[in-house]
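Scroll down for the structure; my scribbles are underneath it.
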Amino acid sequence: MTYVDTSGLSAHMFITVLLFLLVIAPLVSLGVLRLFQSRRQSGLLLIGGGIAVYIIFQLIIAFT
């Protein structure tokens, strides 16, 4: 059995990845669900919100 070495992972990186997992992924998945429910406007808004948070996430990563 192998283990992943997380000793080099900073707290800042951990928090940003946690933000990604708790905010961006649910927004996009809820958006896709709304699209399947034929609620096009709310689905596209949720996906757009997920993309906006992703861009902010990328900016944070680029400047740290």
Under 4.5 Å side-chain linkage, directly or through intermediates, the cluster mates of Ile56: Ile60
Suppose the criterion is ring-ring contact (aromatic ring centres under 6.0 Å, His included): which pairs have a residue in residues 43-62, not counting sequence neighbours? Phe20-Phe57
Only counting residues at least two apart or in another chain, list the ones meeting side-chain contact (heavy atoms from CB on, under 4.5 Å) with Ile55. Ile51, Leu59
Counting only pairs under 3.5 Å, give me each side-chain donor-acceptor contact of residues 24-43, with atom names and distances, residues two or more places apart or in other chains.
unit_1	atom_1	unit_2	atom_2	d
Ser29	OG	Ala25	O	3.2
Ser29	OG	Pro26	O	3.1
Ser42	OG	Arg39	O	3.3

side-chain hydrogen bond (donor to acceptor under 3.5 Å, both in side chains) pairs, two or more places apart, involving residues 19-28: none
